[in-house]
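Worksheet: one structure, shown below.
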Amino acid sequence: MTLIFAHRGSSGTHPENTMLAFKEAARVGADGIEMDVQLSKDGEVVIIHDEKLDRITGTPGFVSDRTLKELQTLNAAQSFKGKVAKERIPTLEELLIWLCNNHLFCNIELKNTFFMYPGLEEKVIQLIRAYGMEERIVISSFNHYSLVYCHQLAPEIETAPLYRDGLFMPWVYARAIGGSAIHPSIHSAPDRIIQSSMKAGILVRPYTINKKPDMERLYGLGCSAIITDFPEKAKKVRINFEN
Ligand code: G3P
Ligand code: CA
């Protein structure tokens with residue numbers, strides 16, 4: 001059965017990358033969650049998508065220029081102001097502690113293409129190991145050098161290259177960099193690529209799958225997982241594909 005990963009949590013209905021959005025994903029029965037991590041100025045692994053703070057928090061400046069304490073004074077639910085109470089930017093550790101109490105899979109995307117964040121890989125892996133989450137985590141990134149490094153540091157943790165533009169034989173490429181899955185944009189995930197990858201033993205988790213026809217196509221193919229902003233909707237659509 002195709003698994004459902006909630007993109008930045010249930011971000012279509014709740015403020016992205018907040019504990020509120022992750023808890024909503026669990027509540028509606030998602031199989032996993034996806035999130036984005038960066039480093040604060042004082043080297044803490046924080047969960048936030050953009051390198052700039054303005055879209056998420058309404059505050060100027062970069063994530064990397066603020067300490068954790070400073071970041072946690074901001075409201076990560078700024079775009080839902082008036083609808084939900086203030087939400088802190090979570091740390092990866094906070095999320096992993098919460099994951100200890102459920103069975104969700106977790107896709108940690110390293111946001112290290114704009115800023116490289118030296119030490120991010122080591123810190124993320126140290127946290128995953130500290131909480132014994134190796135079996136439930138996949139690390140992804142658009143920075144494939146970083147994924148190779150992760151695989152060298154922790155071959156027991158799954159890695160998956162993210163990509164937007166079509167790759168030739170991505171299952172071969174994924175293996176070459178130590179990956180066991182691919183995370184293509186929906187625009188780079190035609191049927192034949194999904195089928196060939198899965199046949200070669202490479203899992204396929206396209207993003208961001210929000211439309212019913214796209215969900216139906218991927219469920220029909222038995223695609224490994226989808227990454228969606230709307231896990232509740234994805235669950236409802238999946239019912240027709242369950243045996
Ligand atoms: O992991 C899938 C997707 O999150 C990658 O793109 O920009 O939403 O982080 P983005
Ligand atoms: Ca992401």
Side-chain angles (χ1 to χ4, degrees), residues 2-19 21-22 24-25 30-39 45-57 62-64 76 79 89-92 95-96 99 104-117 120-121 124 128 136-147 150 157-167 170 173-174 177 179-189 193-194 197 202-211 214-215 218 223-231 234:
T2 302
L3 300 182
I4 295 166
F5 279 39
H7 183 234
R8 311 180 195 171
S10 185
S11 62
T13 54
H14 290 68
E16 67 176 60
N17 281 324
T18 62
M19 290 309 300
F22 301 134
E24 173 65 7
D31 303 295
I33 52 174
E34 186 264 5
M35 85 212 48
D36 309 282
V37 297
Q38 304 183 48
L39 287 183
V45 184
V46 289
I47 302 178
I48 184 165
H49 182 272
D50 300 0
E51 290 84 1
K52 281 184 173 175
L53 289 162
D54 51 359
R55 182 181 64 86
I56 308 288
T57 67
F62 290 98
V63 172
S64 56
S79 56
I89 295 171
T91 62
L92 180 60
L95 182 100
L96 291 170
L99 283 175
L104 289 172
F105 290 107
C106 177
N107 174 194
I108 301 174
E109 179 187 344
L110 308 182
K111 272 282 175 244
N112 55 357
T113 49
F114 188 69
F115 295 120
M116 297 300 119
Y117 291 122
L120 177 64
E121 295 91 344
V124 167
I128 294 169
R136 286 165 58 190
I137 302 275
V138 51
I139 299 175
S140 67
S141 182
F142 288 102
N143 181 340
H144 299 178
Y145 289 93
S146 177
L147 292 181
C150 285
I157 300 173
E158 188 187 327
T159 56
L162 275 161
Y163 62 94
R164 293 190 183 92
D165 296 328
L167 279 180
Y173 177 71
I177 64 167
S180 47
I182 52 172
H183 290 191
S185 153
I186 178 63
H187 308 294
S188 299
I193 291 292
I194 293 171
S197 297
I202 294 291
L203 302 172
V204 184
R205 304 186 188 98
Y207 73 93
T208 306
I209 316 301
N210 291 340
K211 295 181 185 151
D214 290 332
M215 292 175 182
L218 296 167
C223 192
S224 315
I226 63 165
I227 300 175
T228 177
D229 295 335
F230 298 96

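Numbering of ligands and ligand atoms starts at 1, following listing order. These numbers come from the heavy atoms of this one structure, side chains and all, not from hydrogens, waters or symmetry mates.
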Indicate the ring-plane relationship of Phe142 and Tyr207, choosing parallel, tilted or perpendicular according to the 30° and 60° boundaries.
perpendicular

Would you say that more than 12 heavy atoms from the other residues, nucleotides or ligands in this model lie under 6.0 Å from the CZ of Phe115, or not?
yes

Minimum heavy-atom distance Leu218-Ile226, with the two atoms named:
CD1-CG2, 3.7 Å

If we check side chain to side chain donor-acceptor pair (under 3.5 Å) with Asp229, which of these qualifies: Thr13, Asn210, Thr208?
Asn210

Ligand 1: protein N/O within less than 3.5 Å of ligand N/O:
{"from": "ligand 1", "atom 1": "1 (O)", "to": "Glu34", "atom 2": "OE2", "distance (Å)": "2.8"}
{"from": "ligand 1", "atom 1": "4 (O)", "to": "His7", "atom 2": "NE2", "distance (Å)": "2.7"}
{"from": "ligand 1", "atom 1": "4 (O)", "to": "Glu34", "atom 2": "OE2", "distance (Å)": "2.7"}
{"from": "ligand 1", "atom 1": "4 (O)", "to": "Glu109", "atom 2": "OE1", "distance (Å)": "3.4"}
{"from": "ligand 1", "atom 1": "7 (O)", "to": "His49", "atom 2": "NE2", "distance (Å)": "2.8"}
{"from": "ligand 1", "atom 1": "8 (O)", "to": "His7", "atom 2": "NE2", "distance (Å)": "2.9"}
{"from": "ligand 1", "atom 1": "8 (O)", "to": "Arg8", "atom 2": "NH2", "distance (Å)": "2.8"}
{"from": "ligand 1", "atom 1": "9 (O)", "to": "Asp36", "atom 2": "OD1", "distance (Å)": "3.3"}
{"from": "ligand 1", "atom 1": "9 (O)", "to": "His49", "atom 2": "NE2", "distance (Å)": "3.0"}
{"from": "ligand 1", "atom 1": "9 (O)", "to": "Glu109", "atom 2": "OE1", "distance (Å)": "2.9"}
{"from": "ligand 1", "atom 1": "9 (O)", "to": "Lys111", "atom 2": "NZ", "distance (Å)": "2.9"}

In short, Arg8 meets Asp36 closest at the heavy-atom pair CG-OD2, 3.6 Å

Kindly determine whether Leu95 and Ile33 satisfy side-chain contact (heavy atoms from CB on, under 4.5 Å), including the steps that lead there.
CA-CA 11 Å; Leu95 182 100; Ile33 52 174; 3.9 Å; yes

I'd like to know whether the aromatic ring centres of Tyr163 and Tyr173 sit less than 6.0 Å apart in this structure.
no

Restricting to distances shorter than 3.0 Å, give the number of protein N, O or S atoms close to the Ca ion (ligand 2).
3

Correct closest heavy-atom pair for Glu51 and Phe114 would be OE2-CB, 3.4 Å

Once rounded to the nearest 0.5 Å, what's the spacing between atom CD1 of Ile47 and atom CZ of Phe22?
4.5 Å

